**Q** 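Just dropping this structure here.
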Amino acid sequence: MSKQINDFQAIVVGAGHAGCEASLALARLGIKTIVFTVSVDSIAMMPCNPSIGGTSKGHLVREVDALGGQMGITIDETFIQSKMLNRSKGPAVHSLRAQADKKAYSQRMREIMESEENLTIRQGEVDEILVEGGIFKGIKTHTGVEYLADVCVLCTGTYLNSRCITGETSTYTGPNGLQAATHLSDSLKNLGLNLRRFKTGTPARMDGKTIDYEKMQPQYGDDPITPFSFTNLEKGIQKQQALCYLTYTNEKTHKIINDNIDRSPLFSGYIEGTGPRYCPSIEDKVVRFHDKERHQVFIEPEGLYTDEMYVGGMSSSLPEDVQMAMYATVPGLEHAKIVRNAYAIEYDCIDPLELNPSLELKKITGLFSAGQANGSSGYEEAAAQGIIAGINAARKITAKPPIIIGRSEGYIGVLIDDLVTKGTNEPYRMMTSRAEYRLLLRQDNADERLTPIGYEIGLISEERMQHLKEKMSRVDSEVSRMKETFVGDTNEVQSLLEKYESTPLNSGISLAELIKRPELDYEKISPIDKNRPLLSDEVKEEAQIRLRYEGYIERQKKQVEQALKLESRIIPDDIDYDKIESLRLEARQKLKDISPKTIGQASRISGVSPADISVLQIYIKTI
């Protein structure tokens, strides 16, 4: 008989970015938790790009932080360059991105987890999920030991039955040559779960001493630096930043790729998994965008401890000899030496349509799943799912209802709703265009939207909640003051408007109206704002956004109100769609497969038409 251990309430399988957030959320909510990892040295590892954040992904990190998660705090402690992207565009798409010191980030996250009172870290491979009567009971390790618990969160990343591929060569390992999880896939299939085979990739790493940076364009970080975590102040995280560089592919690069495309496992059929459309390999870019003369290549440091440089934008699975020739055509990389080859990695993941919006498996009570195990891509998407799965696993134990972030409340809500309602046929990547209420879901106001929820859950302290209330009070006061403060057509005012080529005044105008002019902003009108209070940068930014985009914000709020009416209409759990005769066959099948919780969720299912929704609503009123 297998040895059984019954010391824990919760089990987390995997200690990547999803696993870290899930296990920390559980432990901080008082749940005695054990997290399994194939290697303790791989905790919060970054096997691909050495960065956190980016377009829309920065929103997710801010939201994880607003709920009481760890990723934003850790990257603030370990970044080596930071930049706010899309500043030339509106605030809805401003996104923070920080270059990470990979080793320092991983070490710091491990330190945080090791110091958590209710959390135990265990190196070992999980082979089997133990289930009785559709209820999770525990896991079985490769060494035959059974760990029993009330709940489990699967955060297996890209390790499930994984295979790394370079050209005609493949090795059955996880990322960076780490041990793969070779048995758990069979256990999940035996439990009746539908698995997908996905693929992602990573570029080569170069020896920085052999790169000619004079041929590249230096890329500088921001000054001042904006923190990810709302617990940090700008002045507290300023530091000297590392340089990144920009270069480009060219006709020579593309010719080498095209001449060897038959040797690419991506096109020869050797790779079985589906790759990400929005983060394609360089050979995929060259084939799909054959009219483009060049593609961007970012040269980014892996950390301050090493000379290794990441070749962003040139992920590949081409054979090693082709890689060497291809990279050598890029300006600055002519004589660069490869430290690690580029490779593709295939792995198994769960069809996210198997999940409830709480991230609990529909078929197995007490079993949750998060991150790339659900078919998503990216560290940030993983962390976002991880904290929600961890929270809801804890609430399952304490008999509390799950926390569901709505599409109008956060990018986290959009991410999870897309996965569990629409599913995905490729590694899912978050994008600002997926969020229909993105002007309300800005990265700057993530605390306003989600910190009250984190406080209610128990992950946000009283002190932090009080700080948010004080901040929002200052924002409200400043917005009111700007609306109530008027200036006239004095020489001083007209002179300032002339300076910024703004239309002169014929009568008095409020500062709130003045700040809406695109050529002006909060700081530019400061000389004529005589009674301006001393405010923090975050308060000034929030006040300015509210004033400048007031009409658009109000319009989106009205759209949200209409949408919430559908979200509030609950679909009974025991509904029998086969009894609704007027439903089209496709709609009936999709509704049965996905089992939406609300009319709003049902309306977003592909293949369910507005007419089907009307029929469904009428039927529900009759039962």
Side-chain angles (χ1 to χ4, degrees), residues 17 44-55 57-58 61-62 65 70-87 94-112 176 202-229 232-248 279 296-315 327 330-340 342 378-380 383 443:
H17 302 282
M45 185 179 72
M46 297 182 182
C48 193
N49 56 304
S51 67
I52 295 291
T55 301
K57 293 170 177 280
V61 182
R62 277 275 175 107
D65 181 75
Q70 187 62 39
M71 177 176 267
I73 296 172
T74 303
I75 188 59
D76 279 351
E77 292 175 332
T78 58
F79 76 92
I80 57 178
Q81 190 194 85
S82 181
K83 186 180 291 186
M84 186 69 75
L85 305 181
N86 304 322
R87 281 193 185 273
H94 291 178
S95 288
L96 193 59
R97 182 183 189 270
Q99 205 67 33
D101 186 312
K102 277 188 174 184
K103 189 174 182 180
Y105 183 92
S106 177
Q107 287 177 333
R108 180 56 182 151
M109 191 66 87
R110 177 176 174 178
E111 184 181 359
I112 292 294
N176 278 3
T202 188
R205 280 27 165 220
M206 299 291 183
D207 182 347
K209 298 190 300 294
T210 64
I211 294 174
D212 186 354
Y213 299 107
E214 295 295 323
K215 295 183 178 179
M216 302 177 178
Q217 302 168 23
Q219 304 291 297
Y220 300 94
D222 286 347
D223 183 18
I225 299 163
T226 303
F228 266 109
S229 177
N232 290 322
L233 300 174
E234 284 185 9
K235 62 182 180 182
I237 67 166
Q238 305 305 312
K239 64 169 74 169
Q240 185 174 354
Q241 299 181 66
L243 274 178
C244 298
Y245 297 87
L246 173 64
T247 183
Y248 296 89
C279 188
Q296 289 183 327
V297 179
F298 289 96
I299 308 299
E300 304 167 330
E302 294 267 292
L304 301 179
Y305 64 95
T306 178
D307 287 321
E308 252 186 286
M309 302 294 283
Y310 179 86
V311 188
M314 287 192 74
S315 63
Y327 286 121
V330 177
L333 300 183
E334 293 90 345
H335 306 291
K337 294 180 180 177
I338 294 177
V339 177
R340 309 184 201 214
Y379 312 143
E380 303 81 6
Q443 55 89 31

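No experiment lies behind these values; they were computed from the predicted model shown.
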**Q** Does Glu77 have any side-chain contact (heavy atoms from CB on, under 4.5 Å) partners at least two apart in sequence or in another chain, and if so, which?
**A** Ile73, Arg108
**Q** With sequence neighbours left out, write down each residue that passes salt bridge (Lys or Arg N to Asp or Glu O under 4.0 Å) with Asp212, or none if nothing qualifies.
**A** none
**Q** Who pairs with Ser106 by side-chain contact (heavy atoms from CB on, under 4.5 Å), at least two apart in sequence or on another chain?
**A** none
**Q** Lys57: which residues meet the salt bridge (Lys or Arg N to Asp or Glu O under 4.0 Å) condition with it, sequence neighbours left out?
**A** Glu380, Glu381
**Q** Ile52 vs Val61, test: side chain to side chain contact (heavy atoms under 4.5 Å, CB included). Steps then yes/no.
**A** CA-CA 8 Å; Ile52 295 291; Val61 182; 3.7 Å; yes
**Q** Under the rule for salt bridge (Lys or Arg N to Asp or Glu O under 4.0 Å), what residues qualify as partners of Lys239, not counting sequence neighbours?
**A** none
**Q** Report the distance from atom CE of Met84 to atom CD of Gln443, rounding to the nearest 0.5 Å.
**A** 4.0 Å
**Q** Measuring from Asp76:CG to Ile237:CD1, what's the distance to the nearest 0.5 Å?
**A** 4.5 Å
**Q** Can you measure from OG1 (Thr202) to CE (Met314) and round to the nearest 0.5 angstrom?
**A** 12.5 Å
**Q** Mark yes or no for whether Thr247, through its side chain, and Pro331, through its backbone, hold a donor-acceptor pair below 3.5 Å.
**A** yes
**Q** Nearest heavy-atom pair of His17 and Ala44: which atoms, and what distance?
**A** CE1-O, 3.6 Å
**Q** Does a side-chain heavy-atom distance below 4.5 Å link Phe228 with Ser82?
**A** no
**Q** Minimum heavy-atom separation for Lys102 to Met46, with atom names?
**A** NZ-O, 2.8 Å
**Q** Provide the closest heavy-atom pair for Met206 versus Ala336 in the form atom of the first, atom of the second, distance.
**A** SD-CB, 4.0 Å
**Q** For residues Tyr213 and Ile299, report the shortest heavy-atom separation together with the two atoms involved.
**A** CE2-CG2, 4.3 Å
**Q** ring-ring contact (aromatic ring centres under 6.0 Å, His included) with Tyr248: which residues, sequence neighbours excluded?
**A** none
**Q** Within the 4.5 Å heavy-atom criterion, are Leu333 and Met216 side-chain neighbours or not?
**A** yes
**Q** Residues in side-chain contact (heavy atoms from CB on, under 4.5 Å) with Glu300, at least two apart?
**A** Pro50, Arg97, Gln99, Cys244, Phe298, Tyr310
**Q** Given side chains that start at C-beta, do those of Pro301 and Tyr245 come closer than 4.5 Å, heavy atoms only?
**A** no
**Q** Please identify each residue that fulfils side-chain hydrogen bond (donor to acceptor under 3.5 Å, both in side chains) with Asn176, with sequence neighbours left out.
**A** none
**Q** Report the residues that fulfil side-chain hydrogen bond (donor to acceptor under 3.5 Å, both in side chains) with Asp207, sequence neighbours left out, ordered by chain and then residue number.
**A** Lys209
**Q** Using the side-chain contact (heavy atoms from CB on, under 4.5 Å) criterion, which residues pair with Lys103? Sequence neighbours excluded.
**A** Asp101, Gln107, Tyr305
**Q** Does any non-hydrogen side-chain atom of Arg87 lie less than 4.5 Å from one of Asp222?
**A** yes
**Q** What's the shortest heavy-atom distance between Ala204 and Ala342, and which atoms?
**A** N-CB, 3.4 Å
**Q** Taking only residues two or more places apart in sequence or in another chain, which ones pass side-chain hydrogen bond (donor to acceptor under 3.5 Å, both in side chains) with Ser229?
**A** Asp65, Thr231
**Q** Taking all atoms of both residues into account, what is the closest heavy-atom pair of Gln238 and Ile225, and its distance?
**A** OE1-N, 2.9 Å
**Q** Partners of Asn49 by side-chain hydrogen bond (donor to acceptor under 3.5 Å, both in side chains), sequence neighbours excluded?
**A** Ser51
**Q** Hey, is the main chain of Pro203 close enough, under 3.5 Å, to the side chain of Arg205 for a donor-acceptor pair?
**A** yes
